[in-house]
Visitor: 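Just passing along the structure, written as structure tokens.
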Amino acid sequence: MSEKLRVGILGATGMVGQRFISLLENHPWFEVVTLAASPRSAGKTYEEAVGGRWKMDTPVPEAVKKLVVMNVNEVERVASSVDFVFSAVDMSKEEIRAIEEEYAKTETPVVSNNSAHRWTPDVPMVVPEINPQHFDVIPSQKKRLGTTRGFIAVKPNCSIQSYAPALTAWMEFEPYEVVATTYQAISGAGKTFRDWPEMEHNIIPYIGGEEEKSEKEPLRLWGTVRDGVIVPAAEPVITCQCIRVPVLNGHTAAAFVKFRKKPTKEQLIQALKDFRGIPQELELPSAPRQFIRYMEEDNRPQVQLDVDYENGMGVSIGRLREDTVYDFKFIGLSHNTVRGAAGGAVLCAETLKAKGYIQAK
């Protein structure tokens, strides 16, 4: 590619915005040219606006340090400088729904990390390896918005990516009932231990709204496109508990599954190893070579050892074994701010570009 697409990041100073900036440094297809945030950050250089709040392990990329942060509410001005935007704004759901549609109506595609549009019937919510066909609703959404190139696409909740990919790989065996408990890192709340010292040596057995998302969003991933909207699947029925644990990055899931067609353990492991999607077929820049790996060791996956598998874009599954009440149980691990947040959105944007939905203005 001779010229990179110009990218804007909405909500650039928050943790997910920072992760976008970190992941997009030296990206072969995309170049961050515009950063937008709240009015209190507008007019400052990015370095000044972030101050001592940079939460990534790597330093602020030199290419963005001196970019002057724009006011995210000045939609026309921000949109005029970019080909598309990533959205990680920190607002109420109603405000997010409104501002993302405003950007789309300027003929600027929006790839969002936010949850506000995950249940808008004509907005695709996509994990590119699982349901890229849901991008087929975009023409219907454009018709509703009155746009020719502007639209909104979103990625799902971070926690489901520790177990939904495995269940997807096993669909031929017809999973119909799932119990899952997720053990979720504090970065999922946009925090570090410096911000949230009371999480050290602590577990909180409640994360607001998370259990409903964890039970319902996978069904939308597995749904079908019908008459320009996405109709969620009815099964497998999922019940979930979500627990905050003293881990910085990495969501772990313990899941139990019942199957209508009774697979062997060997068949399930082989299905994980064989599972591939469009990102692997097209060798997209952010795609893991092996999306799901199975780990034979009894004490894996572990956050400290495995969270950065495939640069945080892969999913690790282990401890698959028969159960006395359910058919099988397993442990899953995914990186919640890479695959589960900004990285998942970047892979969505790469898929959208490859499919021709995102182009230079």
Visitor: Do we get K353 above W29's six-membered ring, with its NZ or CZ under 6.0 Å from the centre and within 45° of the axis?
Guide: yes
Visitor: When rounded to the nearest 0.5 angstrom, what is the spacing between CD1 in I230 and CZ in R118?
Guide: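 It comes to 13.5 Å.
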Visitor: Report the relative orientation of the aromatic rings in F20 and F86; use parallel for angles under 30°, tilted for 30 to 60°, perpendicular for over 60°.
Guide: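 F20 and F86: parallel rings.
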Visitor: Nearest 0.5 angstrom please: S159 OG to I207 CD1, how far?
Guide: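 S159 atom OG to I207 atom CD1 measures 7.5 Å (nearest 0.5 Å).
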Visitor: Atom CD in E102, atom CG in N73: separation rounded to 0.5 Å?
Guide: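 Between E102 CD and N73 CG, I get 8.0 Å after rounding to 0.5 Å.
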Visitor: With rounding to the nearest 0.5 Å, note down the distance linking CD in E235 to CE in M171.
Guide: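 Result: 9.5 Å between the selected atoms.
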Visitor: Examine R260 relative to F173 and say whether NZ or CZ is less than 6.0 Å from the centre of the six-membered ring and inside a 45° cone about the ring axis.
Guide: no
Visitor: Does anything in residues 241-250 pair up under side chain to side chain donor-acceptor pair (under 3.5 Å), and if so which pairs, sequence neighbours excluded?
Guide: S187-N249
Visitor: For the ring pair F256 and F330, is the centre-to-centre distance below 6.0 Å?
Guide: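 Centroid distance F256-F330: not below 6.0 Å, so no.
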Visitor: Under 4.5 Å side-chain heavy-atom separation, chaining through any Ile, Leu, Val, Met, Phe, Trp or Tyr, what else clusters with W196? Say none if it is isolated.
Guide: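 Cluster partners of W196: I186, F193, M199, I204, L248.
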Visitor: To the closest 0.5 Å, what do you measure between CD (E350) and CZ (F30)?
Guide: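 It comes to 5.5 Å.
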Visitor: I need the T147 OG1 to Q141 CD distance, nearest 0.5 Å.
Guide: 7.0 Å
